[in-house]
Every structure is written in structure tokens, then in C-alpha cells.
There are 2 protein chains.
Amino acid sequence: MKVTYKDVKADILSKITNGQWPPGSLVANEVDLAMTYGCARATVNRAMRELAEEGIIERRRKAGTRVRMTPIRQARFDIPVVRDEIIQKGAAYRYTLLSCISQPAPDWLRARLDLPAEAKALHLICMHYADGVPYEHEDRWINLTALPKAASASFEEIAPTEWLLSAIPFSEVEISLFARSAEKSLADYLDCTVGDPVFTVERSTWWRENAVTYVRLTYRPGHRLTTRY
Amino acid sequence: MKVTYKDVKADILSKITNGQWPPGSLVANEVDLAMTYGCARATVNRAMRELAEEGIIERRRKAGTRVRMTPIRQARFDIPVVRDEIIQKGAAYRYTLLSCISQPAPDWLRARLDLPAEAKALHLICMHYADGVPYEHEDRWINLTALPKAASASFEEIAPTEWLLSAIPFSEVEISLFARSAEKSLADYLDCTVGDPVFTVERSTWWRENAVTYVRLTYRPGHRLTTRY
DNA sequence: TAGTGGTCTAGACCACAGG
DNA sequence: CTGTGGTCTAGACCACTAT
């Protein structure tokens, strides 16, 4: 059986985790490793490249490869579309548009998205329900200057997230997670008590250097974002 | 100049983002693409593999490659060591051990980490300060059965995170983010008001199938976890 | 069963950065 | 200047799976 890059990767990783190759130590170069594993250099290269991407080792031309002193830990969270998230839990999905107002972009929004003074915006408030229970509150602003056709979309029927996904499928995003307390209207919508701690995801989206949308997604109390790594 | 995998990747991505290859559409196979780009198949393969990893396209043997209907967006957050995080902000770091008790693992912990009935645990409570201001509250349990030498570590001087990092540099982690409200003691330590919404990171760590530690890191009100993708 | 992606190889050239 | 990683190539075989 041939030696695969996965074999090499697993073996190197085990040598690191069991202490044979301690943090900071120099790892043999690709040519030597290829010899010892009896495989091509490309195979070793792929194994090492992936370990480097995962923050386990650090590679530099000429300097060689070292085991990271403090491994860089990264958590990856999937950011699903709410509807998919709810359906995947086996619950029934329902969406409601609460408010939809076209207006000049307020100062704080212009500041945040770096919009010109005359920018127009569409302000949407929506709710997403799972089996009839409030799941997520969506407070969204869409930059009508960058995306004028949003003005004529019927957000009664299609959730803004999904409309935007079809309008601009790929974009640059800044995402921010934090805790805040539910004020009156939020508490009403989420069916919780005023002052309850809620988990909020704030997202700003750009498409080709143009700010497109800013959204605050707030979840019912108790919501968790979970992952493994 | 030779065609690089980055060229190919960028070109494919642009064809997707500008709508030439809409969501759901079938992408030409690797051999054909290699011909049109005038490069080796391996080059196309690497470009496509990365796009697939990034959730832009979906690949299946025989079925071919498709542009994802709803691109899987993944946010990656760096999980830094608190001390590094604070120092990088240009603030002075200070650490305090508030409590350190060795005791039988409570039921909820045994349930969570799947520990045997007789498991012993070390319960630590610590604070991390930035420029003297409360930054993070740490409530940690270490499984002494899996990691007996933790009993003799001097957590007065070294923070558990850092001690653990040297004891078990690489591990399997489950992480969970949520909002909760500060109860009395937490509010005291974080210098905030009881009931304030606080952001909490909960982490369970395994090393070679053995649960090692469970920790709740709670940040002062207003803390945000931010990233771009 | 046949088409597609997944991977390995052996060799080559190059870019970068340490000494 | 030279060692190391980064990448490309052309060809090959294999694994999966849609049809």
C-alpha cells in the first residue's frame, strides 16, 4: 500500500502530540522526510502544508519547519441560513416581515458602513420562528444606493437573507458576536423578559468594495453557537 | 508566465461572483478546465479543492463540480491565550487565582465530560485583568484522574490556560458561545451590575479520548468577538 | 460501467530569506 | 550564496458513484 499524505500527516501529528517533537523544535526538511516515509516530496508537502494551515507547525523558506510554540487555535463556525438551520433541527420554519421602511441612512449606519451623506437605506425588521416559537429577530439595513433593486423586492414573501443571497451570492463580511440585554420591543418579539441576556450576531457585508447591508440577528435567550476543533 | 493555481482559483471565483456561473450550475471537469487554462490538471485540482474547502463549490466524483446553491459561509475565530490578547492590545496583564479546591467531580461535570463516578477534580477560579480592569473571569475544572500532576502545579503563579498548554499542547475541543446574565459573585469580580448581560465561552477539552478540562470564560460587559471572512 | 475527482510520483524550476 | 519550501508538470492508478 502506498503512503498517503494522510498517513504522513497523522504520523507527524502524533510525533508532536506525544512529545517526540516538542514545541519549538525543528522538523526535518521535506526531502529527508520523503525519504524516511518512502514517498514523494509532494506527499510530504501536502501533509505539512495542511498542518501549517491548521496552526500546528510554522514553515519558512530556508529556515525550515518548526513545531509552533503555542499552537494557533482557531474555531470555525458554520454560518447557516436561518431557514436551513431551523429545518435541519426538524422544526417547521416560519418567517414574518414586521416592518419595512425606506429612508435616508442614519448617521451611525453611514459611519459604520462608510456611506456618503445622501445614501438611502431600506430598514427591515423580521422574525424567524421554529415550530411557531420565536427563534431569531432580524434588524437589517440595506444600502439602496448600492443595491437599488432591493427597493422593489417583496420581503413579505422572501426573507432578506435569502433575497440577498440570490442578489449577491458572494461577499466580504465582518461579523461580531456579543451579549446584550433585550429591550422592550425585542423582548416582546422574542417572547422573553425585558433585560434578559440575549446573544447577538452583528454582520456587515460588502460586495466589490461597496457596503451592501448591515444586520443584527438576535436569538431567543439560551441560544448557543457551538463547534468542535 | 505559467498559470498558477491562484490564477485559476481567482478566475473561477470571479466567474461565479459575476454571475457567469450561477449557483447550482455545473462546472466543467478538471481535464477540460486544464485545457482551457493551459495548465496541468493538478493545478486546476488545487484551485478547485480550495474553493470546495471554502464552501464555494461542491465536488462529487462522477457527478462533477457544482457552484453551491447556498454557499456555506464559515467564520473563523482565533482563540488566543488571554494574556497574549491583552498584551496585544497594549495593556498590562495581570492574573489572580481566587480559589483552588480539589474535590470529587460533581454530577453535572461528570455527565458533561463522561467521567467515572470516582473521578476527582480540581476547581479553579481566576481573574484576568487588563490595565487593572477586570477583563475575563475563568471558572475551570481540571480532571485530576486524567491529569494528576495538575494537583501539584502552582496556579498562584501560572494561569491554568498556560499550564495546560505546556502539559497538553494539542487537544480536541468543543466550544460553545452564549449570553448569560451576571450573578452576584460574577458581577463583583467583573465590576459590573448583577443581571448585566455577559458573553461566555464554554470549552471542553479532550486529550486522547480523555476529558481533561472544562472551562467557562466570561468577559466583562460589552466584550465582542469579531472576525472577517 | 464509465466518468469524475482524489491522490501519488519523479522531476523540475523558482522565490524567498538565513547565514 | 545556498538551503528550504512553493509550485507546476505529465502521466498514472485508484475510489467513488451516478446512470
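Residue numbers start from 1 in every chain, and the chains themselves are labelled A, B, ... in the order their sequence lines are given, proteins ahead of strands.
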Next item on the list: Mind checking the CG-CD spacing from A:L97 to A:E156? Nearest 0.5 Å is all I need.
Entry: 5.0 Å
Check: Is the charged tip of A:R112 near the ring of A:W141: under 6.0 Å from the six-membered ring centre and within 45° of its axis?
Finding: no
Check: What closest approach, in Å, do A:P116 and A:R110 show between heavy atoms, and which atom pair accounts for it?
Finding: O-CD, 3.0 Å
Next item on the list: Figure out the NZ/P separation between A:K6 and D:dA15, and round it to whole Å.
Entry: 13 Å
Item checked: 5'-most by nearest nucleotide on DNA chain C - A:K62 or A:Y5 -> A:Y5
Check: Should the pair A:R224-B:E202 be classified as a salt bridge under the 4.0 Å nitrogen-to-oxygen rule?
Finding: yes
Check: Taking only N and O in the side chain of A:N45, is any of them less than 4.0 Å away from OP1 or OP2 of D:dG5?
Finding: no
Next item on the list: Please find the earliest and latest nucleotides of DNA chain C, in the 5' to 3' direction, that have an atom within less than 4.0 Å of any heavy atom of chain A.
Entry: C:dT7 to C:dG18
Notebook entry, point to check: For DNA chain D, whose closest nucleotide is more 5', that of A:K2 or that of B:T4?
Noted result: B:T4
Margin query: Considering every strand and a 4.0 Å limit on heavy-atom distances, what is the contact class for A:A63: base, sugar-phosphate, or nothing?
Written below: sugar-phosphate
Item checked: Sugar-phosphate, base or nothing in reach of B:R46, heavy atoms under 4.0 Å -> sugar-phosphate
Next item on the list: Could you tell me whether a side-chain N or O of A:S154 sits under 3.5 Å from a main-chain N or O of A:E157, the two making a donor and an acceptor?
Entry: no
Margin query: Students often get this wrong, so: under 4.0 angstrom with heavy atoms, is B:V3 touching a base, only sugar-phosphate, or nothing?
Written below: sugar-phosphate
Note to self: Regarding B:R60, tell me which of base, sugar-phosphate or nothing describes its non-hydrogen contacts under 4.0 Å with the strands shown.
What the structure shows: sugar-phosphate
Next item on the list: Salt-bridge test for A:R59 and A:E30: reply yes if a basic N is under 4.0 Å from a carboxylate O, no otherwise.
Entry: yes
Check: Quick one: on DNA chain C, does B:R41 or A:A40 contact a more 5' nucleotide (nearest heavy atom)?
Finding: B:R41
